[in-house]
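Below you'll find the structure, written out as structure tokens, and then a few comments.
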Amino acid sequence: MSRNRALLLVATAAAVPRLVVVAVEREQLVAGLTEKSNRFARTFVESGTFGFIPGRPSANTQPLYGFFLTPFYWIFGQAWWPAIVAQVVVAIATAMLVYAIGATVATRGIGTGAALLATLNPYLIWHDVHPNREIVDGLLAALLTLLVVLAVRRASIRIAALAGLAAGLAILGNARLILLPLALAGYLSWTIAPGRRGLWAAAALVVVAAVTVTPWVVRNNVSVGCPTITTDARALWKANNPATFEILRHGGWIDQVPELPGAPPWPELAADQTLRGNPITVDECAQMRFYQHQVLHFWRTQPGEKGKLAAQAVWMLWRPVGTIEGGNSLGPAASFARSIVEPVYLIALYTLTLLGLGRLPRRYLALTLILLAYGTVMAMAFAGTLRYNAPWHFLLCIPAAFGIVRLAEALKSRRRGQVPT
């Protein structure tokens, strides 16, 4: 198959099922399950304030998805469809990046198979057309991976710098990635020869990532009062307290963790009450430091409970059934897909990945393991759910494509009465 035909196939496979979901759900796409970023973007367009309400800047979420939505609300007003159609385009671009990764580390056939496996993930098909930040997380994850692969392949400091830009943007979309540039820098310094060039490439990635994040951190220091990527330490606390384990064990989510007695209202609640005529001012920075202190106190005083939470997070991150965050209800079709279709897909993907993992080029295998290990460690510190893992599932799809080839070879050899090597 030629490259153009492969890309056409991948683009079609990415677009068609998502457009079907758009046609079926329509206005329901924005009726629930929306990110705080959606509110930030609308408030920014209406008032020029990036926050929950006009005149009160906030850093209570990562900004990238809000930046993504803002131009569509500015140009098209309250219409929901332009942003959703743009997200379909982003999903197509992500699938093409996965194709490029597979074609670079292996062959066009592997790239095509990996891209099809990645883009036909039932979880992503549904979530990619709802207002959730994972759509940009997945794009940047694939772009970052491709740039790192190319930087190693060409021993290029310039491409490593571009990878740093992608890493910085990814951090602005997901603050849990803040240490990822350091992990990737270690990988570049190990894989790029000569060693001095590898060190320069590693430095370029880290420095450009830091420069990319800095304007937002400065903005928060000036407008909110503290140099941070997000002030939402309350989310970290909800994942790290004595009530969390049992709530998650019984099928709940961290949003159901009881509030601390006497704790001030969090920024979104304060904004809602202000809009209802009960003005409340919240010091986001003081609240952030308060919840950070609570988390550190929990880690120091209850290491055994934290160990249980960490193990639980790994299981929840990798198990084939996802959690419904926030207790949101799903329709019959989405519920069936979540409880039946997605687990079947993931079990098959995990099986194929194990079959094909040994055929990955050594350097790409190392990169894959580093990225997957990083996500797992961050889940252990925070919380685990399919939502956090799904944007990185494409990493499994390349070895899974090799696994399909291995199965095909085994079947062919069996028909011929031979033993596959």
Side-chain angles (χ1 to χ4, degrees), residues 3-35 37-38 40-42 45 62 64-102 111-146 166 169-170 173-174 322 328 330-331 333-334 337-338 341-342 345 386-387 389-394 397:
R3 183 179 64 180
N4 289 341
R5 291 183 66 183
L7 290 175
L8 178 61
L9 175 62
V10 169
T12 302
V16 171
R18 288 166 175 80
L19 291 175
V20 169
V21 174
V22 171
V24 171
E25 296 252 308
R26 296 182 185 142
E27 286 82 2
Q28 294 301 314
L29 295 171
V30 294
L33 297 171
T34 56
E35 259 268 326
S37 302
N38 188 59
F40 274 52
R42 291 186 179 277
V45 170
Q62 295 102 157
L64 188 65
Y65 187 55
F67 294 162
F68 170 82
L69 292 173
T70 295
F72 300 103
Y73 293 147
W74 179 62
I75 296 171
F76 299 101
Q78 297 296 316
W80 59 267
W81 61 267
I84 299 304
V85 171
Q87 292 190 186
V88 174
V89 175
V90 170
I92 294 171
T94 302
M96 290 184 172
L97 288 170
V98 176
Y99 166 83
I101 296 168
T112 303
L116 292 175
L117 284 171
T119 200
L120 293 176
N121 184 331
Y123 183 94
L124 293 180
I125 288 173
W126 196 79
H127 278 269
D128 279 356
V129 291
H130 287 74
N132 280 282
R133 62 176 174 79
E134 281 74 22
I135 183 67
V136 291
D137 287 354
L139 176 71
L140 289 168
L143 177 61
L144 174 59
T145 302
L146 177 61
L169 292 174
N174 183 352
N328 294 296
L330 301 175
R338 172 185 172 270
V341 180
E342 181 67 14
Y345 167 85
L386 177 59
R387 177 187 176 189
N389 214 9
W392 297 90
H393 275 161
F394 71 90
C397 293

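Atoms considered below: every heavy atom in the structure, side chains included; atoms not considered: hydrogens, waters and symmetry mates.
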Discussion item. Just verifying a value: how many Å separate Leu64 CG and Leu140 CG, rounded to the nearest 0.5 Å?
Written reply: 6.0 Å
Discussion item. If I compare all heavy atoms of Pro82 with all of Ala79, which pair ends up nearest, and what's the gap?
Written reply: CD-O, 3.6 Å
Worksheet item: Quick one: are Tyr99 and Arg3 in side-chain contact, heavy atoms under 4.5 Å?
Response: yes
Worksheet, complete the sentence: Nearest heavy-atom contact between Ala91 and Ala14 is O-CB, 4.2 Å
Practice prompt. For side-chain contact (heavy atoms from CB on, under 4.5 Å), just list the numbers for Phe394 and Leu97, CA-CA rounded to whole Å, side-chain angles, deciding distance to a tenth of an Å, and then say yes or no.
Written response: CA-CA 10 Å; Phe394 71 90; Leu97 288 170; over 6 Å; no
Worksheet item: Where is the tightest heavy-atom contact between Gly66 and Ser37, given as atom of each residue plus distance?
Response: N-CB, 3.5 Å
Practice prompt. Taking all heavy atoms of Ala11 and all of Met96, pick out the closest pair and write down the distance.
Written response: CB-CE, 3.6 Å
Discussion item. Checking Val129 against Val88 for the side-chain contact (heavy atoms from CB on, under 4.5 Å) test, could you report, in this order, the C-alpha distance in whole Å, the side-chain angles of both residues, the deciding distance, and whether it holds?
Written reply: CA-CA 7 Å; Val129 291; Val88 174; 3.8 Å; yes
Fill in: Minimal non-hydrogen separation, Ala141 against Pro391, with atom names
CB-O, 4.1 Å
Fill in: Leu116 side chain reached by Leu9 side chain, heavy atoms, under 4.5 Å
yes
Worksheet entry | Min side-chain heavy-atom separation Phe40-Glu35 under 4.5 Å | no
Discussion item. Between Phe68 and Arg133, does the side-chain contact (heavy atoms from CB on, under 4.5 Å) criterion hold? Intermediate values first, please.
Written reply: CA-CA 9 Å; Phe68 170 82; Arg133 62 176 174 79; over 6 Å; no
Worksheet item: Rounded to the nearest 0.5 Å, how far does OH of Tyr65 lie from CD1 of Ile135?
Response: 8.0 Å
Worksheet item: How long is the gap from CZ on Phe72 to CG on Leu69, to the nearest 0.5 Å?
Response: 8.0 Å
Worksheet entry | His127 and His130 aromatic ring geometry - parallel, tilted or perpendicular at 30°/60° bounds | tilted
Worksheet entry | Side-chain touch Trp80/Val22, heavy atoms, less than 4.5 angstrom | yes
Worksheet item: Should Ile125 and Val21 be marked as a side-chain contact (heavy atoms from CB on, under 4.5 Å) after you check the CA-CA gap, both sets of side-chain angles, and the distance that decides it?
Response: CA-CA 8 Å; Ile125 288 173; Val21 174; 4.0 Å; yes
Worksheet item: If you measure from CG on Leu146 to CD1 on Ile101, what distance do you get to the nearest 0.5 Å?
Response: 5.5 Å
Item to complete: With the side chain counted from C-beta on, respond yes when Ile92 and Arg18 share a heavy-atom pair under 4.5 Å apart, and no when they do not.
Response: no
Discussion item. Return the CD to CG distance between Glu134 and Leu124, rounded to the nearest 0.5 Å.
Written reply: 9.0 Å
Worksheet item: In Å, rounded to the nearest 0.5 Å, how long is the span from OG1 of Thr112 to CG of Leu7?
Response: 7.5 Å
Worksheet entry | Shortest non-hydrogen separation from Leu120 to Ala13 and the atoms involved | CD2-O, 3.6 Å
Discussion item. Is there a side-chain contact between Tyr73 and Asn38 in this structure, where contact means two heavy atoms from C-beta onward sitting under 4.5 Å apart?
Written reply: yes
